[in-house]
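For reference, the structure discussed in these notes is given below.
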Amino acid sequence: MQNIIIIGATSAMAKEVAKLYAIEKANLYLIARDSSKLDTIKQDLTVRGANTVHTVQFDANQFDSHQVLIEEAFDALGRVDALLVAHGSLPNQELCQTDSMKVIEELNTNGVSVISLLTHAATKMEQQKSGNITVITSVAGDRGRQSNYVYGAAKGMVSTFLQGLAQKISKSGVHVLDIKPGFVDTPMTAEFDKGVLWVKPEKVAEIIKNRIEKRSSVSYAPGFWSLIMFVIKLIPKIVFNRIKL
Ligand SMILES: NC(=O)c1ccc[n+]([C@@H]2O[C@H](COP(=O)([O-])OP(=O)(O)OC[C@H]3O[C@@H](n4cnc5c(N)ncnc54)[C@H](OP(=O)(O)O)[C@@H]3O)[C@@H](O)[C@H]2O)c1
């Protein structure tokens with residue numbers, strides 16, 4: 001029976017991941033901002049077969065709560081097989097261009113808070129000498145683009161952190177996985193017109209669970225985004241700076 005912590009558990013992608021583990025009768029420890037949403041999710045996961053579902057309310061930007069939050073989660077579960085970090089927000093890029101406080105808030109939500117939580121989680125995982133740490137970042141972190149470079153900067157920061165963490169912590173038997181989704185149809189992207197590149201959160205959840213089991217280190221979700229980002233990264237700067245992307 002697996003013991004799983006999910007931070008940002010009310011996210012559409014995280015909810016689908018939790019359902020996959022509930023079917024396998026996992027013990028789920030869910031951490032998220034909205035306690036009424038958490039109550040609903042808990043009921044659903046219990047019906048789906050979860051062995052236990054524990055819920056905790058938090059705000060990602062209350063950094064001084066992070067250590068206790070993580071320690072209590074590990075203490076409650078005893079051994080943690082996997083920890084998923086899923087919370088995030090999609091900034092208004094135009095607003096960020098003139099409001100530095102908004103930039104800081106978005107970098108905190110999407111970058112600094114994730115790194116803070118991972119710092120505490122990595123210590124606990126290292127002590128137990130096993131487990132998996134998975135974070136949902138984004139293809140946006142691969143190359144800064146005018147349409148979303150504040151969000152991209154935060155996600156890129158986390159991806160770089162994960163590379164270094166993986167190198168350090170893999171020696172203790174802990175695996176680190178960076179999930180980079182492309183366009184996913186969730187509340188975060190409700191306002192966007194959807195096209196052929198879009199997928200449902202269920203699809204990304206399947207990829208996440210599969211890659212955790214395969215002990216992958218980085219996974220684009222779906223995989224075709226690795227090709228798209230490969231091409232985008234190859235565009236010479238002189239061309240890149242003249243196009244809208
Ligand atoms: N959707 C996409 O196309 C896409 C693409 C690439 C990467 N991603 C990333 O995938 C992850 C999951 O997003 P999603 O698409 O599933 O969107 P979502 O359903 O809107 O989920 C976003 C989650 O972040 C939580 N959150 C936001 N600010 C928070 C804060 N200050 N403290 C605590 N929780 C906070 C939200 O909590 P509430 O429920 O309380 O609002 C919600 O659970 C995010 O990291 C996102 O950046 C999404």
Side-chain angles (χ1 to χ4, degrees), residues 5-19 30-42 55-66 69-70 83-93 102 104-118 134-143 145 147-159 161-162 177-208 211 218-226 228-229 232:
I5 300 172
I6 304 182
I7 302 176
T10 57
S11 114
M13 288 188 231
K15 279 193 287 186
E16 295 305 322
V17 173
K19 285 180 194 171
L30 309 180
I31 302 172
R33 179 168 59 177
D34 187 322
S35 41
S36 65
K37 283 189 201 168
L38 274 174
D39 289 344
T40 309
I41 292 168
K42 178 178 179 171
T55 61
V56 176
Q57 193 274 338
F58 95 126
D59 189 301
N61 292 327
Q62 285 177 356
F63 300 125
D64 56 0
S65 72
H66 288 178
L69 190 81
I70 294 294
L83 175 142
L84 171 68
V85 183
H87 69 274
S89 59
L90 190 61
N92 178 328
Q93 173 62 35
K102 189 69 187 157
I104 291 166
E105 182 191 322
E106 295 295 349
L107 292 177
N108 281 343
T109 303
N110 291 296
V112 179
S113 72
V114 177
I115 287 173
S116 166
L117 289 159
L118 292 177
T134 297
V135 183
I136 305 179
T137 64
S138 172
V139 295
D142 278 15
R143 187 167 190 180
R145 288 176 290 118
S147 56
N148 68 354
Y149 58 84
V150 171
Y151 179 72
K155 294 295 191 180
M157 169 166 66
V158 176
S159 290
F161 181 89
L162 291 173
L177 169 60
D178 184 354
I179 293 285
K180 299 184 176 192
F183 298 142
V184 190
D185 186 0
T186 69
M188 181 178 282
T189 53
E191 311 288 307
F192 289 57
D193 293 332
K194 311 293 186 297
V196 287
L197 295 177
W198 287 78
V199 294
K200 297 284 181 195
E202 291 87 337
K203 176 72 190 165
V204 177
E206 276 171 27
I207 294 170
I208 291 173
R211 296 301 185 271
V218 180
S219 182
Y220 289 83
F224 60 74
W225 279 97
S226 65
I228 294 174
M229 295 318 295
I232 287 178

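Indexing begins at 1, ligand by ligand and atom by atom, following the structure's order.
Annotation: side chain of L197 is in contact with side chain of I228 (closest heavy-atom distance under 4.5 Å). The side-chain heavy atoms of T10 and L38, taken from C-beta on, include a pair separated by under 4.5 Å. Side-chain contact between K15 and V17: absent, with no pair of heavy atoms (C-beta onward) separated by less than 4.5 Å. Residues N110 and M157 fail the side-chain proximity criterion, which asks for heavy atoms closer than 4.5 Å.
Here the shortest heavy-atom distance to atom 23 (C) of ligand 1, taken over G182, S11, A32, S113, belongs to S11. Closest heavy-atom approach to atom 25 (C) of ligand 1 within the set Q57, E16, H87: this belongs to H87. Proximity annotation for atom 30 (C) of ligand 1: of E105, R33, Q62, M13, R33 comes nearest, heavy atoms only. For atom 33 (C) of ligand 1, the candidate residues are A60, A12, A14; the nearest heavy-atom contact is made by A60.
Contact annotation for T189 and ligand 1: only side-chain heavy atoms (C-beta onward) come within less than 4.0 Å of the ligand. Here T10 has heavy atoms under 4.0 Å from ligand 1 in both its backbone and its side chain. Contacts of K37 with ligand 1, taken as heavy-atom pairs under 4.0 Å, involve the side chain alone. Of all the heavy atoms of I136, the ones lying under 4.0 Å from any atom of ligand 1 are found in both the backbone and the side chain. Counting heavy atoms under 4.0 Å from ligand 1, residue L90 does not touch it at all.
At least one donor-acceptor pair under 3.5 Å links the side chain of S11 to the backbone N or O of A14. Here the side chain of H66 pairs a donor or acceptor atom with the backbone of A60 at under 3.5 angstrom. Of the possible polar contacts, one joining the K194 side chain to the T189 backbone as a donor-acceptor pair under 3.5 Å is found. A donor-acceptor pair under 3.5 Å is absent between the side-chain atoms of T109 and the main chain of E106, judged by distance alone. Looking at R211, its side chain never comes within 3.5 Å of a backbone N or O of L177 through a donor-acceptor pair. A donor-acceptor contact shorter than 3.5 Å links the side chain of D34 to the backbone of K37. Checked by atom type and distance alone, the side chain of T134 never pairs as donor or acceptor with a backbone atom of L84 at under 3.5 Å.
Counting atoms of ligand 1 from 1 in the listed order, those under 4.0 Å from a heavy atom of T109 are 28 (N). Set against the non-hydrogen atoms of Y151, the atoms of ligand 1 under 4.0 Å away are 6 (C), 7 (C), 8 (N), 9 (C), 46 (C), 47 (O), 48 (C). Close approach to F58 involves these atoms of ligand 1, each under 4.0 Å from a residue heavy atom: 33 (C). Listed by number with element, the atoms of ligand 1 under 4.0 angstrom from any heavy atom of D34 are 40 (O). Under a 4.0 Å criterion applied to the non-hydrogen atoms of P187, ligand 1 contributes the atoms 19 (O), 20 (O). Of all the atoms in ligand 1, the ones that sit under 4.0 Å from a non-hydrogen atom of F183 are 3 (O).
Here's the thing with S89: none of its N/O atoms is less than 3.5 angstrom from an N/O atom of ligand 1. Checking only distances, A86 does come within under 3.5 Å of ligand 1, N or O to N or O. Inclusion of D59 in the set of residues having an N or O under 3.5 Å from an N or O of ligand 1 is warranted. Polar contact with ligand 1: present for G88 (N/O pair, distance under 3.5 Å).
Atom NZ of K203 sits in a sparse spot, with 12 or fewer heavy atoms from other residues, nucleotides or ligands closer than 6.0 Å.
Distances from ligand 1 to the non-hydrogen atoms of D185 include no value under 4.0 Å. Not a single heavy atom of F192 sits less than 4.0 Å from an atom of ligand 1. Not a single heavy atom of K15 sits under 4.0 Å from any atom of ligand 1.
With hydrogens left out, the protein atom closest to atom 7 (C) of ligand 1 is T137 O, 3.1 Å, a heavy atom. Closest to atom 20 (O) of ligand 1 among all protein heavy atoms lies M188 N, 3.3 Å. Remark: minimum distance from atom 3 (O) of ligand 1 to any protein heavy atom is reached at V184 N, 2.8 Å. Atom 45 (O) of ligand 1 has K155 NZ, 2.8 Å as its closest protein atom, hydrogens excluded (heavy atom only). Remark: minimum distance from atom 14 (P) of ligand 1 to any protein heavy atom is reached at T186 OG1, 3.5 Å.
S113 and H87 make their closest contact through OG-NE2, 2.9 Å (heavy atoms, listed as atom of the first residue, atom of the second, distance).
In summary, the side chains of T55 and D39 do not present any donor paired with an acceptor at a separation below 3.5 Å, with no hydrogens or angles considered. S147 and Q93 share no donor-acceptor pair across their side chains, judged by distance under 3.5 Å alone.
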Full working for side-chain contact (heavy atoms from CB on, under 4.5 Å) between L117 and L69:
CA-CA 9 Å; L117 289 159; L69 190 81; 3.9 Å; yes
